[in-house]
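Shown next, in structure tokens, is the structure this report addresses.
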There are 2 protein chains.
Amino acid sequence: MGLRKRALFASSGADFWMRLALLGRLVSGVTNRVWSELLSTVGDFKAPKGATLFSPGQDCPGFLKLKQGCIKVTLTGSSGREVVLYRVHPGEVCLQTFTCLIKDQTYAAEGVVEEDIQGDLIPAGKFHQVMEQDDAFRNDVLTSVALRFSEYQQLIEDVALTGFDARLAKVLLRLVDATGIVHVTHTALAAETASGRAYVSRRLAEFARRGIVEQLAEGIRLCKPAELAQISEQK
Amino acid sequence: MGLRKRALFASSGADFWMRLALLGRLVSGVTNRVWSELLSTVGDFKAPKGATLFSPGQDCPGFLKLKQGCIKVTLTGSSGREVVLYRVHPGEVCLQTFTCLIKDQTYAAEGVVEEDIQGDLIPAGKFHQVMEQDDAFRNDVLTSVALRFSEYQQLIEDVALTGFDARLAKVLLRLVDATGIVHVTHTALAAETASGRAYVSRRLAEFARRGIVEQLAEGIRLCKPAELAQISEQK
DNA sequence: CAGATCTGGTGACTCTGTCACCGCGCCTCA
DNA sequence: TGAGGCGCGGTGACAGAGTCACCAGATCTG
């Protein structure tokens, strides 16, 4: 499926993280507080695709105001199974970060850069200050938080009350590009649908048998989007 | 199982709601805006057990600062299946309400009074004003929102990544009273575990066979809480 | 007492998800 | 350049989860 890039980016991401961790130890000797000390003086922030921005248990360095790129936030169970919670795009809030800052707690999920990001990092102390003083900023944040909550609730509804096929159809329609193709591995679809890889393969094969999708080398072509939309609303 | 009360309260709840709806029509002629007009002048707010406070699609009358009682918030799927999202206790925020007020949208879930409630209802307009001006109030709300968010994430984790038995065990431990008994129907447990009633019955029978619980007329006695706790951490 | 309603038990399914194992294509590195 | 490693996807066999239909007992209601 021509996704060799993935491994490449993953390893460059690991490099990025290792460099930071190393730098952190040089600076403070405490890996956990690296980010805040490293970045509290830096307004501008960048990270390449594949970089792990945060993992469960880590401290939160501050509030990231994303200007460009995309961050994927996931939850991993003890069995190793992964669920995609949401993505952060420019203008949106990373709810993980918000929660950490407000409750002064550590992260509970994992954040990975999906498209090279660039933005402003507002240190924790300053975040609280701005939240108090700047009405517009506060409103933006609250609106974004409220939006995120709706998404979470939708996710709960999908996982708890909706059949698998509907979930799969929904995800395919969400991830499709302009040419009608979804460039994602079955494994990734499993994380998106909170399901298992093998089952995704099976159902996708069934969809293909029905002529709804077509599995190509470049990805999955959605042949009958209307039918998919209908499936996505069942049950 | 001696839960005849339920039906009683449910019907008294329906009466309460009908009276309000009727009153609303008399006042404004628009059922949907009843609450805000009816209550914006009333700081004090009460409702009896079983009353439906809000349903999907309704407008939000304002922010309820709960002083006493308990509200259960649930989501109902098109199949009729119900999932308990969370409960609001005194000092906590109803996230539904918060989201509605911030985004100026209608409710997406249902709220039912579980124990007679009493509190202050802050009209929408005043809520925004207080959020801007009162640092302490805003902090309380934000902290509570952040807490709620953690719960939501936990729920997603439970439903998406955890086995049924663990979920059931968790719920039993959460709902048990001081005497070691859970006074809840299998149907209610199904909503709490985001599962089906028949399956709950089956697994509970299996738990009983293993001597972990005992099913009595008054409810479910947890005989081996330690073992339950262990089950609740599996998978 | 008859009927309505809520509750829980059960058999017989279907749907979902897992595990293990296979083959393919691509990369790496000796 | 050929052997090995690895990520990806397909499949059979199985286990876990959830559904449907139907039954029976308990409780209220009139």
Side-chain angles (χ1 to χ4, degrees), chain A residues 1-11 50 77-83 158-168 182-209 213-220 231 234-235, chain B residues 1-12 14 50 77-83 158-168 182-209 213-220 231 234-235:
Chain A
M1 216 181 235
L3 288 170
R4 300 277 81 234
K5 302 172 202 168
R6 295 206 139 237
L8 187 72
F9 281 114
S11 68
S78 51
S79 63
R81 204 161 116 175
E82 198 183 16
V83 185
D158 286 349
V159 174
L161 305 173
T162 307
F164 173 81
D165 284 8
R167 240 151 56 222
L168 180 56
V182 180
H183 300 272
V184 170
T185 65
H186 290 191
T187 307
L189 285 176
E192 301 281 349
T193 54
S195 180
R197 198 264 316 164
Y199 195 52
V200 169
S201 290
R202 243 186 268 281
R203 296 310 301 164
L204 227 33
E206 167 66 19
F207 279 13
R209 223 167 291 133
V213 304
E214 194 182 352
Q215 306 210 53
L216 311 169
E218 322 88 81
I220 302 159
I231 291 173
Q234 277 170 16
K235 214 188 176 188
Chain B
M1 213 182 240
L3 290 171
R4 301 279 78 234
K5 301 173 205 168
R6 296 207 137 236
L8 187 71
F9 281 115
S11 69
S12 83
S78 51
S79 63
R81 205 161 116 175
E82 201 183 14
V83 186
D158 286 349
V159 174
L161 305 172
T162 307
F164 173 82
D165 284 7
R167 238 151 59 221
L168 180 56
V182 180
H183 301 272
V184 170
T185 66
H186 290 192
T187 307
L189 285 176
E192 300 281 348
T193 54
S195 178
R197 198 265 315 164
Y199 195 53
V200 169
S201 290
R202 244 185 267 280
R203 297 311 300 164
L204 227 33
E206 167 66 20
F207 280 12
R209 222 168 291 132
V213 304
E214 195 181 352
Q215 305 210 52
L216 312 170
E218 320 90 81
I220 302 158
I231 291 173
Q234 279 168 17
K235 212 187 179 189

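Numbers restart at 1 for each chain; the letters A, B, ... are given by sequence-line order, proteins then strands. All values below were derived from every heavy atom in this structure, side-chain atoms included, with hydrogens, water molecules and symmetry-related copies excluded.
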Whole Å only: how far is the CZ atom of R197(A) from the C1' atom of dC8(D)? 7 Å
For nucleotides 12-17 of chain C, just jot down a letter per nucleotide in 5' to 3' order: B, S or -, based on protein non-hydrogen atoms under 4.0 Å. B---BB
Roughly, in whole Å, what's the span from CD in E206(B) to P in dA17(D)? 12 Å
Rounded interatomic separation in angstrom, taking CD1 from I220(B) and C1' from dT7(C): 12 Å
Between C1' on dA26(D) and CD on Q215(B), what's the gap in Å once rounded to a whole number? 16 Å
May I ask you to evaluate whether S201(B) reaches the phosphate of dG9(C), defined as a side-chain N or O under 4.0 Å from OP1 or OP2? yes
Rounded distance in Å - CD (Q234(A)) to C1' (dT19(D)): 16 Å
For the residue pair F207(A) and I231(A), establish whether any side-chain heavy-atom pair is separated by less than 4.5 Å. yes
To the nearest 0.5 Å, atom CZ of F164(A) lies from atom CZ of R202(A) at 11.0 Å
Is there a side-chain contact between R81(B) and K235(A), using heavy atoms and a 4.5 Å cut-off? no
Drop me the distance from Q234(B)'s CD to D165(B)'s CG, to the nearest 0.5 angstrom. 8.0 Å
Bend angle of the helix from dC1(C)-dG30(D) to dA30(C)-dT1(D), end axes from five pairs each (to 10°): 30°
Would you call E206(B) and R209(B) a salt bridge, taking side-chain N to carboxylate O under 4.0 Å as the test? yes
Within this structure, what is the CG-to-P distance between L204(A) and dT11(D), rounded to whole angstrom? 12 Å
Here the distance between atom C1' of dG18(D) and atom CD of E82(B), to the nearest Å, is 17 Å
Of all heavy-atom pairs linking L168(B) and L204(B), the shortest is CD2-CD1, 3.9 Å
Are H186(B) and dC6(C) close enough that a side-chain N or O sits under 4.0 Å from OP1 or OP2? no
Shortest non-hydrogen contact from Q215(A) toward H186(A): OE1-NE2, 2.9 Å
Check: residues 189-200 of chain A side-chain donor-acceptor pairs under 3.5 Å, at least two apart:
unit_1	atom_1	unit_2	atom_2	d
E192(A)	OE2	R87(A)	NH1	3.3
E192(A)	OE2	R87(A)	NH2	2.6
T193(A)	OG1	L189(A)	O	2.8
T193(A)	OG1	A190(A)	O	3.3

When rounded to whole Å, the CG to C1' distance for the pair L161(A) and dG18(D) reads 13 Å
